[in-house]
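This chain uses plain numbering: 1 for the first residue, then up along the sequence. Counting convention: from 1, in listed order, for ligands and their atoms alike.
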Amino acid sequence: MPHLKEQQVAIAAVTAAARLCQQIRQGSFQAFAKADQSPVTLADLGSQAIVCQTLSAAFADDSIVAEEDAQMLRQPSNRGILEQITERVRQTVPQTTPDLLTEWIDRGKGQTAARYWTLDPIDGTKGFIRGDQYAIALALIEYGQVQLGVLACPALPFQEHIGTLFVAVSGQGTTMMTFNGTSQPVQVSQRGGSDSVRLIESVESAHSDRPRQEEIARKLGLSCTPMRMDSQAKYGAVAKGDADLYLRIPLPQDSSRRENIWDHAAGAIIVEEAGGRVTDLDGQPLKFSCGAKLAQNRGIVASNGLIHEQVLGAIAACDQV
Ligand code: AMP
Ligand code: MG
């Protein structure tokens with residue numbers, strides 16, 4: 001089966017990282033501001049160390065493009081934080097030392113290549129801090145096509161368990177599992193009627209243009225109140241049919257901002273392999289071969305497929321106003 005080893009290694013890496021994140025969240029933890037003022041925690045850095053170490057041990061030549069780096073941890077004034085993370089990660093990877101930890105985190109500073117991995121060690125850090133949804137998102141890209149996506153949503157319920165792992169392999173569908181291994185295939189919804197279609201969007205109002213999204217929902221005649229969720233867990237919600245449409249329209253002041261590849265690669269294949277469709281606002285496929293940003297795409301539309309053309313039409317009509 002193609003990509004079987006990649007799938008097994010990615011599941012092991014992301015599951016171990018998800019356990020670390022949940023353990024850290026159960027205690028008290030600090031958040032630090034990065035240069036762009038976005039937050040980062042011990043869990044983001046520990047998660048990246050675990051995933052990069054696991055991938056590097058199995059696929060030494062593969063490039064990894066990940067969100068975080070170890071620059072902050074290398075500053076002598078942050079030695080205490082470095083030691084805290086080392087101690088945490090050592091519970092999963094016994095040979096961890098401060099030097100190895102920073103080396104593993106910086107394995108994520110790779111470039112996009114013919115074959116590369118992209119990782120968001122905690123997508124939705126604001127949700128993680130608030131006690132809401134967050135995700136660990138890992139994808140493998142070959143020749144610009146996402147081949148594998150593994151998305152851990154440690155706070156998303158599945159049956160009587162808390163914690164859901166979505167796994168999608170190109171041409172093989174999407175599976176949803178608990179962290180203990182119970183699994184089932186997932187399919188997007190078949191909802192098409194405007195009175196039943198459910199829109200999902202970010203919790204953070206600064207991350208997308210809610211008034212515009214509301215306008216599009218109105219144009220489509222949607223009557224349900226939008227669901228709100230942090231992180232790529234939104235793609236999971238569309239893949240399992242809890243929501244039918246995920247809109248991410250940039251705010252006017254962010255119109256030149258482009259999305260990070262690690263914020264969408266895993267989520268996109270998880271929706272597509274569950275039978276849905278993912279494009280930008282202009283109906284173009286997401287292009288994962290232009291570096292760390294989706295430089296050629298504007299915004300995101302992820303849907304159950306059935307309603308996709310109608311949604312693109314409503315977006316185009318609103319754009320012309
Ligand atoms: P979500 O919870 O879906 O809003 O996604 C969290 C992601 O939003 C983070 O990984 C950030 O990369 C991204 N983000 C941060 N600022 C913005 C912004 N101004 N517009 C769009 N996305 C953003
Ligand atoms: Mg993110």
Side-chain angles (χ1 to χ4, degrees), residues 14 17-18 21 25 31-41 43-48 51-52 64-69 105 108 117-139 146 149-156 166 199-213 226-239 242-243 245-271 278 280-281 286 288 291-295 297-303:
V14 166
C21 294
R25 190 154 86 158
F32 308 90
K34 291 197 276 189
D36 66 358
Q37 295 311 312
S38 64
V40 64
T41 70
D44 298 66
L45 297 164
S47 168
Q48 180 155 327
V51 176
C52 288
I64 309 170
V65 184
E67 176 163 20
E68 308 302 342
D69 66 56
I105 293 173
W117 297 84
T118 190
L119 166 70
D120 196 339
I122 291 194
D123 181 33
T125 305
K126 291 172 187 166
F128 176 80
I129 294 168
R130 242 193 279 108
D132 291 333
Q133 291 302 324
Y134 68 99
I136 295 100
L138 177 64
V146 187
V150 177
L151 183 71
C153 302
L156 197 69
F166 295 92
L199 169 67
I200 191 161
E201 59 187 10
S202 289
V203 172
E204 293 291 331
S205 58
H207 290 186
S208 62
D209 189 345
R210 280 192 195 157
R212 196 83 171 154
Q213 285 157 198
M227 298 164 69
R228 289 191 180 139
M229 206 181 259
D230 295 286
S231 84
Q232 285 170 74
K234 287 186 281 299
Y235 283 103
V238 173
D242 288 354
L245 173 63
Y246 164 25
L247 283 180
R248 190 179 192 89
I249 300 185
L251 281 159
Q253 62 267 35
D254 287 338
S255 60
S256 59
R257 184 187 181 276
R258 289 294 175 263
E259 298 287 334
N260 302 310
I261 52 174
W262 51 78
D263 282 330
H264 299 286
I269 190 172
I270 280 157
V271 164
V278 182
D280 67 8
L281 303 183
L286 305 186
F288 291 100
K293 300 272 178 193
L294 292 172
N297 298 112
R298 185 177 67 101
I300 304 287
V301 183
S303 81

Give me the atom names and distance for the closest heavy-atom approach of Q232 to D123. N-OD2, 2.8 Å

Is there a side-chain contact between W262 and V65 (heavy atoms, below 4.5 Å)? yes

Looking only at protein heavy atoms, which one is nearest to atom 11 (C) of ligand 1, and how far off is it? D263 OD2, 3.8 Å

Can you tell me the protein heavy atom closest to atom 2 (O) of ligand 1 and the distance? S231 N, 2.7 Å

Which ligand 1 atoms are under 4.0 Å away from a heavy-atom of S202? 1 (P), 3 (O), 4 (O)

Can you tell me if E204 contacts ligand 1 (heavy atom of the residue under 4.0 Å from the ligand)? no

Side chains of K34 and E68, heavy atoms from C-beta outward: is any pair under 4.5 Å? yes

Contacting atoms of ligand 1, where contact means under 4.0 angstrom from a heavy atom of D230: 2 (O)

Checking a contact table here: which protein heavy atom is nearest atom 15 (C) of ligand 1, and how many Å away? H207 NE2, 3.5 Å

Are any non-hydrogen side-chain atoms of S208 and I249 less than 4.5 angstrom apart? no

Do you see an N/O/S atom of E67, backbone or side chain, under 2.8 Å from the Mg ion (ligand 2)? no

Hey, does V40 have a side-chain heavy atom less than 4.5 Å from the side chain of F32? yes

Do you know which of H207, R130, K126 makes side chain to side chain donor-acceptor pair (under 3.5 Å) with D230? R130

Among non-hydrogen protein atoms, atom 18 (C) of ligand 1 lies closest to R257 NE, 3.5 Å

Shortest heavy-atom approach to atom 5 (O) of ligand 1 - which of Q133, Q232, R248, E259: R248

The closest protein heavy-atom partner of atom 19 (N) of ligand 1 is D254 OD2, 3.0 Å

Against heavy atoms of N260, which atoms of ligand 1 measure under 4.0 Å? 12 (O)

Just which atoms of ligand 1 are under 4.0 Å from any heavy atom in K234? 1 (P), 2 (O), 3 (O)

Heavy-atom contact under 4.0 Å between A206 and ligand 1? yes

